[in-house]
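Notes for the one structure printed next.
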Amino acid sequence: MDAKQQVVQALAQALPDVDAHDIETKIERPKDSQNGDFAFPTFFLAKTQHKAPQMIAADLIEAIDQNGFEKVVVAGPYVNFFLDKGQIAAEILQAILADPENYGNSDLGNAGNVPIDMSSPNIAKPMSMGHLRSTVIGNSLAKILTKVNYNPIKINHLGDWGTQFGKLMAAYKMWGSEEEVKADPINTLQKYYVRFHQEDKENPELDDDARAWFKKLEDGDEEATHLWKWFRSESLKLFMKIYDLLGIDFDSYNGEAFYNDKMDEVVQMLEDKGLLQESKGAEIVDLEKYNLNPALIKKTDGATLYITRDLAAAIYRKRTYDFVQSLYVVGNEQQNHFKQLKAVLKELGFDWADDIHHIPFGLITQGGRKLSTREGRVILLENVLNDAISLARKQIAEKNPDLKNAEEVAQQVGVGAVVFHDLKNERLNNFDFDLEEVVRFEGETGPYVQYAHARSQSILRKAGNPDLTTANLALGDPAAWEIIKSLGQFGEIIQRAAREYEPSVIAKYALQLAKEFNQYYAHTKILVEDDEKMARLALVEAVSDVLKSALELLGVQAPDEM
RNA sequence: GGAGCGGUAGCUCAGCUGGAUAGAGCAUUCGCCUUCUAAGCGAACGGUCGUGAGUUCGAACCUCACUCGCUUCACCA
């Protein structure tokens, strides 16, 4: 039985006049385990019982059936419950060892489809740290949602359309060469783009050129289309290298261009509903009643915009996946856009607009300034990952020179550090990029968790990987108790992460468990022959399984040796 | 000006539904490798929880006002 329910029952029996649900909501987990595993504050009973909380607690302890608990004690106005460690340990360890892969699973989602719009880098631009955030948060959410029985669909909504292609083509025709692009596609295209913006400040007529090229592309001009396809495929090749490194794949690469032929219908729908208005030569939907700015559907020149495309995409996803939720892992600075998107869908009469959730994340700055592709101020993801990997390589050479698959582990550790760093804090926090911070391997980092896992594996190897499922798992060792309790919380941690769309909840949990294990490891000799050896090994195995599982939920690998 | 997010230790951040002396990591100083990986463990140092009111038996957490920082507010995405 659930340990908390045991406490609720004991209290409910002793307090027949109080609603059991009220009791349950008041029960808390003391921060300091000196105060027990569960605590019941009696303040709220003082009024109805006309007694001091201390008195209530003192009386309560007499009425509580202490069977099944290690002890129940009074501490001022609190009643503190200490659980039967051996029994709880056996229950939790058994549950983990019986089915490590599925430990912590639950069914919040009833297998409902959840498309996740994530990553979405722009063609012809390098992937930056900003795209990393969207990519790793989206990936982690997909895994977390799977664990609570949703069916996520990872959609890479590539930025493969838009006026920037006009600029790019104009720039390429003016200064570019095929050989140069082939040699180093993204950086070269990027260079053209930056140069275009520089020269464009002096010669605004360049913009007309760019617009003309984009118009050609939209009209299906042969040369423009050819260039577009070429830029796209070269870019995608490089993106795939990074996704491989991160161990991330997608269920769909339908980007912006995919919706080109699906926007007329949206405009038609808006028109049929009488929602379109003309304003300053453009077509808009007024959103006054939502306290939002009007949504620009068509520009003065008739070209469509971002929101039109996203409307088409949202409708397409509803039709294709019949989603129960539709997520967009996109920077916080676009929240206005998503409010508009939902508002327009509402205006169109789609109730499912309420199932669309923008999952925003904080801005990455450098030296306090916003990153800007246009101004060439970017942090290239590829460089960061490579730096991290070579640092890991160096560490391994120093600390574990005999490691067989050193290169593979260097990748797992280096990439793990970067990914974990990105996920360990609340999504919405902004952060200023600091390479040293990102590739750190000590303290609250990914490698710290990986290291704890590797140590646990090392012990199990030394012990000869015995079968522990039949062992007596009633581990009564107080030193192990904090770990046991943490292991028992995995399921609710996952649920909270899913509810809040917040991978950092998992990261924090992994750090806590790793820390508790490292403490245990430092103070308790595990491989000694005594009655509890098998139970200790079971604990080690359970920690190993859960750490691995938690890292997996973050998209971080857990090497057995490092 | 409207909307949103944030202000907790020198730095980066936790703090779940309000509860028992406000917690980590980094940095600094000092201990611990003849026994399971020192990417580790332990100790010290470090805080008027932005400010002021209010609600409450009790507020970092809830309410209001103020203040500072960042984002955003129609022809980029």
Side-chain angles (χ1 to χ4, degrees), chain A residues 25-26 28-32 34-35 39 41 43-44 46-47 52-53 75-78 80 120 122 159 161-164 256 279-284 291-301 303-307 309-310 330-337 339-340 360 362-363 365 368 370 373-374 392 395-396 398-400 403 413 417 424-426 428-432 434 436-437 440-452 454-463 492-493 496 500 504-505 508 511-512 514-515 518-528 540 561-562:
Chain A
T25 57
K26 291 292 177 189
E28 52 193 68
R29 275 186 244 271
K31 296 174 238 183
D32 188 345
Q34 298 277 311
N35 291 324
F43 302 100
F44 78 109
K47 257 184 198 151
Y78 290 87
N80 293 336
S120 313
N122 295 319
W161 202 255
T163 48
Q164 76 269 22
E256 293 171 9
S279 170
K280 298 175 191 166
E283 306 262 7
I284 65 158
N291 196 21
L292 292 167
N293 306 308
L296 247 189
I297 303 297
K298 272 188 167 178
K299 301 201 285 191
T300 318
D301 65 5
T304 56
L305 283 125
Y306 182 36
I307 193 159
R309 203 168 290 273
D310 263 5
V330 177
N332 192 23
E333 65 272 19
Q334 288 193 40
Q335 58 163 292
N336 199 54
H337 166 74
K339 282 184 186 165
Q340 290 186 322
L363 205 64
T365 53
K370 194 177 170 179
T373 349
R374 289 187 184 189
Q395 291 256 28
I396 290 169
E398 241 171 69
K399 294 167 195 281
N400 199 351
L403 190 61
V413 172
K424 84 172 166 185
N425 288 327
E426 261 178 71
L428 273 164
N429 290 355
N430 294 343
F431 75 85
D432 202 61
D434 177 0
E436 267 183 54
E437 187 77 23
R440 172 163 274 147
F441 296 163
E442 288 159 19
E444 294 175 325
T445 64
Y448 177 89
V449 180
Q450 290 174 318
Y451 185 63
R455 279 177 140 183
S456 67
Q457 282 299 313
S458 176
I459 292 175
L460 295 169
R461 266 198 310 278
K462 282 251 155 75
E492 58 186 90
I493 289 289
R496 192 182 142 205
E500 298 175 8
S504 70
V505 169
K508 292 262 157 53
L511 283 170
Q512 182 194 318
K515 186 184 171 78
N518 276 331
Q519 286 170 337
Y520 180 69
Y521 180 97
H523 299 297
T524 306
K525 182 76 182 156
I526 293 153
L527 294 177
V528 287
V540 173
E561 286 182 75
M562 62 186 273

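Residue numbers begin at 1 in each chain, while the letters A, B, ... track the order of the sequences.
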Quickly work out the A/N430 CG to B/G4 C1' distance and round it to whole Å. 12 Å
Looking across every strand, which nucleic acid part, if any, lies under 4.0 Å from A/I526 by heavy atom: base, sugar-phosphate, or nothing? base
Considering only the C1' atoms, how many Å lie between B/G47 and B/U8, rounded to the nearest integer? 8 Å
Any strand: nucleotide that pairs with B/C70 via Watson-Crick or wobble, under 3.5 Å: B/G4
Does the B/A14 base have a donor-acceptor partner in the side chain of A/N429 within less than 3.5 Å? no
Does B/A39 have its OP1 or OP2 closer than 4.0 Å to a side-chain nitrogen or oxygen of A/Y451? yes
So A/E426, base contact, sugar-phosphate only, or nothing? Heavy-atom distance under 4.0 Å. sugar-phosphate
Using a heavy-atom cut-off of under 4.0 Å over every strand shown, decide if A/A46 touches base, sugar-phosphate, or nothing. nothing
Where the side chain of A/N425 is concerned, which of B/C75, B/G15, B/C13 is the nearest nucleotide? B/C13
Considering only heavy side-chain atoms of A/Y521, the closest of B/G40, B/A38, B/A74 is B/A38
For A/V413, which contact category applies under a 4.0 Å heavy-atom criterion: base, sugar-phosphate, or nothing? base
How far, in whole Å, is B/U28 from B/C64 if one measures between their C1' atoms? 42 Å
Between B/G2 and B/C61 - P atom distance, rounded Å: 24 Å
For the CD1 atom of A/I284 and the CG atom of A/N293, what is their distance to the nearest 0.5 Å? 10.0 Å
For A/P30, report the nucleic acid contact type (base, sugar-phosphate, nothing); a contact means any heavy atom under 4.0 Å. base
Rounded distance in Å between the P positions of B/G1 and B/U48: 31 Å
To the nearest 0.5 Å, how far apart are CZ in A/R455 and CG in A/L460? 14.0 Å
Between CZ of A/R309 and C1' of B/A77 the distance, given in whole Å, is 10 Å
Beyond-backbone contact of A/K508 with A/I493, side-chain heavy atoms, under 4.5 angstrom: no
With a 3.5 angstrom cut-off on both distances, give the Watson-Crick or G-U wobble partner of B/U63, or none if there isn't one. B/A53
Whole angstroms only, please: what is the CZ-C1' distance between A/R29 and B/G18? 17 Å
Would you indicate what A/Q334 reaches in the nucleic acid, counting non-hydrogen atoms under 4.0 angstrom: base, sugar-phosphate, or nothing? base
As its Watson-Crick or G-U partner within any shown strand, both distances under 3.5 Å, B/A44 has B/U28
Which atom of A/N430 lies closest to which atom of A/L363, heavy atoms considered: OD1-N, 2.9 Å
Candidate nucleotides B/C41, B/A77, B/U21, ranked by approach to the side chain of A/A522 - the nearest: B/C41
Give the nucleotide from the list B/A20, B/C75, B/A3 with an atom nearest to the side chain of A/K339. B/A3
Say whether A/T365 and A/D432, considering side chains only, have a donor N or O and an acceptor N or O under 3.5 Å apart. yes
Here the distance between atom C1' of B/C73 and atom CG of A/N332, to the nearest Å, is 14 Å
Respond yes when some side-chain nitrogen or oxygen of A/Y520 is under 4.0 Å from OP1 or OP2 of B/G40, and no when none is. no
Option from A/Q340, A/H337, A/E256 for which side-chain contact (heavy atoms from CB on, under 4.5 Å) with A/D310 holds: A/H337
Just name whichever nucleotide pairs with B/A22, Watson-Crick or G-U, keeping both distances under 3.5 Å, else none. none
What interatomic distance, in whole Å, is found between C1' of B/G18 and the corresponding atom of B/U55? 11 Å
Tell me if the NZ atom of A/K424 is crowded by more than 12 foreign heavy atoms within 6.0 Å. yes
Can you check whether A/K31 has a side-chain N or O nearer than 4.0 Å to OP1 or OP2 of B/A20? yes
B/G23 and B/G15: how far apart are their P atoms, nearest whole angstrom? 15 Å
Spacing of A/K399 atom NZ relative to B/U37 atom C1', expressed in whole Å: 10 Å
Rounded off to whole Å, could you give me the CD-to-P distance for the A/Q340 and B/U72 pair? 14 Å
Syn or anti: how is B/C33 classified when any glycosidic angle within 90° of 0 counts as syn? syn
Integer angstrom distance from the P of B/G31 to that of B/U21: 34 Å
Should the side chain of A/S458 and the base of B/C36 be counted as holding a donor-acceptor pair, with the cut-off at 3.5 Å? no
Walk me through whether A/L296 and A/I307 qualify under side chain to side chain contact (heavy atoms under 4.5 Å, CB included). CA-CA 7 Å; A/L296 247 189; A/I307 193 159; 5.6 Å; no
So which nucleotide from B/A39, B/C57, B/A20 ends up closest to the side chain of A/E28? B/A20
When the C1' atoms of B/C30 and B/C45 are compared, how many Å lie between them, rounded to an integer? 11 Å
A/R455 side chain near B/A38 phosphate (N/O to OP1/OP2, under 4.0 Å): yes
How many Å lie between CD on A/E444 and P on B/C13, as a whole number? 12 Å
Return yes if the base of B/A77 and the side-chain atoms of A/S120 contain a donor-acceptor N/O pair under 3.5 Å, otherwise no. no
With a non-hydrogen cut-off below 4.0 angstrom, is A/K424 in contact with a base, only sugar-phosphate, or nothing? nothing
Applying a 4.0 Å non-hydrogen cut-off, can you work out what A/T524 is touching in the nucleic acid: base, sugar-phosphate, or nothing? base
Interatomic distance where CZ belongs to A/F441 and C1' belongs to B/A38 [whole Å]: 16 Å
Would you say A/K508 reaches B/A24's phosphate, i.e. side-chain N/O to OP1/OP2 under 4.0 Å? no
Please produce a list of atom pairs where a protein N or O lies less than 3.5 Å from an N or O of nucleotides 42-45 of chain B.
from  : atom 1 : to     : atom 2 : distance (Å)
B/G42 : OP1    : A/Q519 : NE2    : 2.9

For B/C75, give its Watson-Crick or G-U wobble partner with both distances under 3.5 Å, or none. none
Are side-chain heavy atoms of A/Y306 and A/Q334 found at a separation under 4.5 Å? yes
